[in-house]
Amino acid sequence: MPGSPARGAAVGGGPRVLRKTWTELLAGRVKKQKYDPEREQKLKDSALKLLRYHQNMHDLLLEAEVPQCKKLRLSELIDCGGAEASSDPSTPFIRSAFRDQASRLGVPVGVLSARVFAHSVQQVCVEPSHPVLLSPEQSERLSSLLVSAQRLLAHNMFSRLTFCQELWKAQNSLLLEAVWRLHTHHVVSLQELLQSHPDTEAMTTWLFRNLRFLCELIGASCPSSDTVEAMLSGLVQLLISWGFQGSSDPRRLLESEKIEKMPQVAADVLQRMLAFSLDTLDADSQTTLDHQAVSGWITVYSGRTCCGMIAADSLKSFLSHALTQILTHKPVLKVSDAIQMQKEWSFAKTPHLLIDLYCRVFVTLGPEESIGHLQEVLELQEVNWQHVLSCVSTLVVCFSEAQQLIKDWVASLMARAFESYHLDSMVTAFLIVRQATLEGPYVFPSYADWFKESFGSSHGYHSCSKKTLVFLFKFLSDLVPWEAPRHMQVHIFHPPLVPSKYHSLLTDYISLAKTRLADLKVSLENVGLYEDLSSTGDIAERESQAVQDVKKAIMVFEQTGKIPMPVLEASIFRRPYYLSHFLPALLAPRVLPEVPDSRVAFIETLKRADKIPPSSYSAYRQACATAGDKQPDNTTSGQRTETNCAERPLGLLTAALEELRALMTDPTQYSVISAQVAVVSERLNAALGHRNDDDVSLRRSKIQLSVLLPTLQSQDQGVVDLLLTAFCQNLMAACSFVPPERQSSWAVLFVRTLCGHMLLPAVLTRLCQLLRHQGPNLSAPHVLGLAALAVHLGECRSTLPEVDPGVLAPPSSLCVPDFLNSLLTCHTRDSLLFCMKFCTAAISYCLCKFSAQPSASLHNCLSPGLIQKFQFIVLRLFPEARAPCSPEHTARIPWKLLYLPSADWPRAALSLWRWSSFQELLKEEEFHLTYRDWIQLELEIQPEADALSGTERSYNHSEDSDLVLGGRTGNEDLLSRLQEMAMDLELDQGSAVPRGCSTPESHFLFRVFRGRLQALARPGSMATSLRRQQELLICKRLLLRLPPSVLVGSPQAGQPVSPNCEEFFNLVTSGLRNICCHGSVLTYDLTIHFFRGLLNVCLRSQDPALVANRTLAECQTKCPMILTSALLWWSSLEPVLCSQWKKCYQSTLPQELQRLQEARKFASNFASDSAAPAPSPAWISAAALYFATREAGRENVTTHLKRLDCEREELLITLLFFSLMGLLSSYLTQRDTAEYQKAVDICAEVLACLERRKVSWLMLFQLAETDAKLGHLLLLAPDQHTRLLPLAFYSLLSCFSDGTTVREAAFLHVAVDMYLKLVQLFVDGETRIVLPQASRSISELQDSPVQLITKARSFLLQLIPQCPRQCFSNMTELLAGRGDCDPEVSNALQQRQQAGPSFDLSQEPHLF
């Protein structure tokens, strides 16, 4: 009560009393009142009513955030924001508040919510940090509003039309991102928003301004780059779909009726943006924000921006309209202006952004449609000639197919002009031709060539009548006031062919042109001998041009040894220039060298031909004699001046090349590369003194070089080295980002630049120096770069002159690819290895670069001799390449191995050899390595400098000759004929021995082999093991050099049909099977050697089929590796056996050979539903099936083995054995990841089948020779593979750890035995052979020995407690002597073995 003493105050001076808290007071009140539900509800309603009448709706929307959805589970998140919005308690309140306020104000709730929402959006956009983008805080607030608006829309409580009208009232503060978010969140579409704007012009201006701001951000480093790109792409797609609707789509027509002004608005915005871009580019300002906006806008002109989002006809209509706008933008220049300014509009001088715009449009439209559209615009509208002509330059430079299209177009214009005397067609044709010729002769013929071809013969356009002649010369005369001197010189020096009675027309024009040239102070007499009349550069001074003519004449004289024809013609027909300018430049005084150089030899040749007046020659000799006295000051000054003049253009060229290399490292700048290459060409032209290769006599004549002694002038060598270095660096930079097939056309353009100048002879001379004389010293980047350059030179072979290499030339000259191939020699070890590197790089680059093109392009780029040399070198240096390529080695792309910092050349060469694309290429007859080619290459090698020893060389001679003549080229008829000849010789030698007579049971060499191998049979050090392997290799080589019949022996006495193969079988099973590189098979050469011997013995026997059957049946028990080898190499072996057998006996193959044939057929058809049953014996069918599965791709392993469940158990067990051998071989060889992973997949599939059928496979890990069923399998496994079986067992642990085999009583015994052997292998160091040489990719897939042992140990420790007691019956014998390998495992086994019956966990079946 008021006035009563507070709690805690002193009352009457007594102790203080504490006050009650608010909670206590309320608690006391609650106790006094009873609970009343009706009163509680009324209280809540009153509170809500109070809040509603005092609620600010704008603040309410901004406060309605969406944190609920951030914390919900997935099922709740799906429902968040649904129709009822039950997860957000604020939603019903917002709807109720809007209903109450709308009722009070007397307006529809949808109108009220739209006005409030529009005002809230305007508040969000206040004080923006960017003209078009929202800040993070603004974006978060807008997201809350969008959620609320979506929920109001779901309950029909939101008016889109009212919202749009209210929103435009604050147009100036409205941000584009906010509008875009409204569109993408389906609150109000952009069409509705723009359609509702009351002022179309203001709306168009607003959208154009915001698009400009948005484009400024494209490519800029801002955190919202993804949002910016998505907004621009989406807006452009909408504008194109509105502005360029396809008439064939009725849906579009219906929409266009509803939104009438949108097509016009969209087209207007797109036109404004393009006009703004063109105006900015014309202003040539590259630093302003406008230029940055143009760079961003140009990115929309590509198919990728609109791919799949709008109709193809709409996109093409948009781009065609854009091209029309570009060509007709501000057509203020007249034709006369175009004629005068045309040289300033070349490709190199056009802004790179404009070139990028052209290319994007042309790529989508295609060159043919683009040129057709260009033709249509020129015929119907006034055009901007600068854009038209720069467009033509871009077409001919960037699109090779456009060159012929331009020629056809010009031809049609010329035909039309002279048929109907149409002046506009004539003007257009001349402008287009002159523009195309600005880009160089290897892009388009020179103007002089075109003019001569068009008017220099009786078949020219002008030769129809006098009227056409008058029309031509009237046109040329009208051009004279604006004509460039170069073009008038072309018309004078290459005049049109005119009949004599109309010659006055020609003389009148020539007189007019000469008068104009005189006004321009250009003399016809001063035109240089090699001056490019089509050049756009300024006409050089007479002295400067004469110096250039002298240099070129000396260069041609060096190549031909004869006086150049232009010099001879000038000495007769142009004597004023020859005597006044050319000879003074040639006879400039200097100190003569002690050894006469090319200049001295040229002067002496001219003197002997009476082309130098005696007085001039005497004065020259006298001046040279006195030049030494005046040299110190004048010469030094002159040299310094000349050096400075030369250094400046060379420095500009270096800078241009560095800029080009910088573009290689930025994939986003690929569109600028073409323009930069054009700049390089222009700088190169300046560095060479305008020495363009436009002289017909030089371009089409042969290039003569001295291969034995190639020499270059210092200036030319400097330029060439700069260009070659730049090419190599550019290639390495480009390949570090993308492979060759995905690179731009920079290399082609670069090579065309080299070929388009007089520099080509110098380039070829420098390549001769590098490849023939300095090849072994080149680094890997140089080899890669020069190899790629050789490929692109071959690509241009049709436009390049032939090369005469001098003394080394054949009777006819060589094309450039064959010439480069002739520079690669194999004389010495170093040159052989360099040749291998260069061939590997060139072939790999070519196959990668042109993988998507037809094989004809490969024939143009590569010389057949280069591919033949590569075959010769690989077969010579890599014995593993002699075996037929397996499909699993054909997936690696060798180019990836070369551009890395440390190029692995041998590995790359082998990968290329095994690559399927290369193997397909070798099937072409043009690339076959013939016996003649092999002999010729072998004879070139110098024995004392050979990479091989004498023994290796002798062995390779027999091996490689067999490969060249046999299976590698597919010439089976030739192989069969040579085999017949060899057999005939053996028959002649053995004819003195009657059939069935007794001969020695075996060849004496086998006894020698046996004695030498027995001496090395005792187990010893690694050195002894290596010596034994070396001895076995020697035995194998000797056997292959001997006649094949040595392997099978001669028929024994008393058994005329049984050959004696015991010694060879013993050699295979005791020794040769341990040096096999394929696991369970012999090499191909030894296999085919045995079967040749078997055929030879059959020829001498009375019953050939019986001999073959008994011998092969004996192989099954004594030497099964012969049969598995035959199965592996059957594709190469079968043609030989069939052709020989049928030729000799005219009958089918013997039964045992048919068995092999049937097994191979069974394996090939195993995956099909019509496959035949497996033939017997099962292990042969299993071997064939394994080899067929290994040849299939990894992705097809499961498909190939899908029918395993239907096969016999014996086949499955032996198939698992061969799969284990393959897995161990992949461990040991470490070839690639694919082979290892496939071996694991095969084992896993077979194990899965065995587990499903509950077939035990544990006996494979306990094989003994005494095993009657499977003991012979040990004869198929090398000793090393047998020892490494524990490695295979635990590598496949994941494949069977949960299977039925683990529950077998014998499993624990096998698992412990394998574990102890695995540990012993590690202790003995034998696991080191598995991983040291493994590539990184394989080492990542397979466990290291320590990891494998750890995994196996963990598995055993978990398995031991779960096994029943009877599994431990023989454990003591198993651990005897090996318990120390792992004391913990041994202790666990012993404790479990000694445990009582109560410890038996076998009663818990669910544990298993």
Side-chain angles (χ1 to χ4, degrees), residues 281-282 323 326-329 331 333-352 354-355 357-359 361-362 367 370-375 377-379 382-414 417 424-451 453-454 475-476 479 482-488 490-491 532-537 674-675 677-679 681-682 685 692 694 749 752 756:
L281 293 177
D282 289 341
L323 183 57
I326 294 170
L327 298 176
T328 59
H329 180 71
L333 295 176
K334 300 178 181 179
V335 171
S336 58
D337 300 324
I339 294 173
Q340 290 178 297
M341 303 170 63
Q342 189 170 9
K343 66 180 181 180
E344 302 299 327
W345 301 336
S346 65
F347 184 84
K349 296 180 180 180
T350 302
H352 70 85
L354 187 58
I355 291 175
L357 175 60
Y358 289 147
C359 290
V361 174
F362 295 155
S370 300
I371 292 176
H373 191 78
L374 178 61
Q375 183 177 357
V377 171
L378 282 171
E379 291 176 355
E382 292 292 327
V383 296
N384 182 323
W385 280 109
Q386 180 179 1
H387 290 172
V388 169
L389 297 179
S390 60
C391 173
V392 170
S393 287
T394 304
L395 277 168
V396 297
V397 170
C398 298
F399 300 88
S400 57
E401 62 269 30
Q403 299 168 13
Q404 186 58 45
L405 295 173
I406 293 289
K407 292 178 184 178
D408 297 340
W409 180 25
V410 169
S412 66
L413 287 171
M414 294 295 293
D424 289 345
S425 297
M426 193 81 159
V427 170
T428 303
F430 269 74
L431 283 174
I432 290 172
V433 166
R434 292 180 178 182
Q435 187 67 28
T437 58
L438 291 176
E439 310 308 332
Y442 287 90
V443 173
F444 201 86
S446 66
Y447 180 70
D449 288 346
W450 176 83
F451 193 82
E453 182 180 354
S454 301
F475 172 74
L476 294 178
L479 290 182
W482 301 282
E483 193 82 278
R486 295 287 191 191
H487 294 143
M488 286 187 285
V490 169
H491 301 162
D532 175 21
L533 299 180
S534 302
S535 172
T536 59
S674 300
V677 173
V679 173
S681 179
E682 194 174 68
N685 192 19
N692 277 357
D694 276 326
L749 297 175
R752 286 180 182 174

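The figures here come from the full heavy-atom set of this structure, side chains too, leaving out hydrogens, waters and symmetry mates. Keep in mind that this is a model prediction, so the values were computed, not measured.
The shortest side-chain heavy-atom distance between Leu413 and Ser425 falls under the 4.5 Å cut-off. Contact annotation: the side chain of Leu438 never approaches that of Phe444 to less than 4.5 Å [non-hydrogen atoms, C-beta and beyond]. A 4.5 Å side-chain heavy-atom check between Phe430 and Met426 finds at least one atom pair inside the cut-off. Contact annotation: the side chain of Ile339 never approaches that of His487 to less than 4.5 Å [non-hydrogen atoms, C-beta and beyond]. Using a 4.5 Å heavy-atom threshold, the side chains of Trp385 and Asp337 count as separate. Annotation: side chain of Ile371 is not in contact with side chain of Phe399 (no heavy-atom distance under 4.5 Å). Contact of the Leu354 side chain with the His387 side chain is registered, since non-hydrogen atoms from C-beta on lie closer than 4.5 Å.
For the pair Thr437 and Pro445, the tightest heavy-atom approach, listed with the atom from each and the gap, is CG2-O, 2.8 Å. Closest of all the heavy-atom pairs between Leu431 and Gln342 is O-NE2, 2.5 Å. Shown here for Ala436 and Val396, the closest heavy-atom pair between the two residues is CB-CG1, 4.3 Å. When every heavy atom of Ala338 is checked against every heavy atom of Leu389, the shortest pair comes out as CB-CD1, 4.5 Å. When all heavy atoms of Leu476 and His491 are compared, the pair lying nearest together is CD2-CE1, 3.8 Å. Minimum interatomic distance between Val392 and Ile406 (heavy atoms only, all atoms of both residues): CG1-CD1, 4.4 Å.
Between Leu395 atom CG and Gln435 atom CD the span is 11.0 Å, to the nearest 0.5 Å. Taken from CE in Met341 to NZ in Lys343, the straight-line distance is 11.0 Å, to the nearest 0.5 Å. The CD1 atom of Ile432 lies 3.0 Å from the CH2 atom of Trp409; values are rounded to the nearest 0.5 Å. Atom CG in Leu323 sits 7.0 Å away from atom CG in Leu374 (nearest 0.5 Å). Here the NE2 atom belonging to His329 is positioned 10.5 Å from the CD atom belonging to Gln386, to the nearest 0.5 angstrom. Rounding to the nearest 0.5 angstrom, the gap separating the OG atom in Ser393 from the CD1 atom in Ile355 is 8.5 Å.
Using cut-offs of 30° and 60° on the angle between ring planes, the pair Phe451 and Tyr447 is tilted.
The closest donor-acceptor contact from the side chain of Glu439 to the backbone of Phe347 lies under 3.5 Å. Distance alone, capped at 3.5 Å, places no donor-acceptor pair between the Asp408 side chain and the Leu405 backbone.
Counting heavy atoms of neighbouring residues, nucleotides and ligands inside a 6.0 Å radius, atom CD of Gln404 exceeds 12 of them.
Looking at Glu483 and Arg434, a side-chain N of the basic residue comes within less than 4.0 Å of a carboxylate O on the acidic one, giving a salt bridge.
With no hydrogens or angles considered, no side-chain donor-acceptor pair links Tyr358 and Ser370 at under 3.5 Å.
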> Given the rule in the side chain to side chain contact (heavy atoms under 4.5 Å, CB included) test, do Val397 and Val677 qualify, once you have shown the distances and angles that lead to the verdict?
Replying inline: CA-CA 10 Å; Val397 170; Val677 173; over 6 Å; no
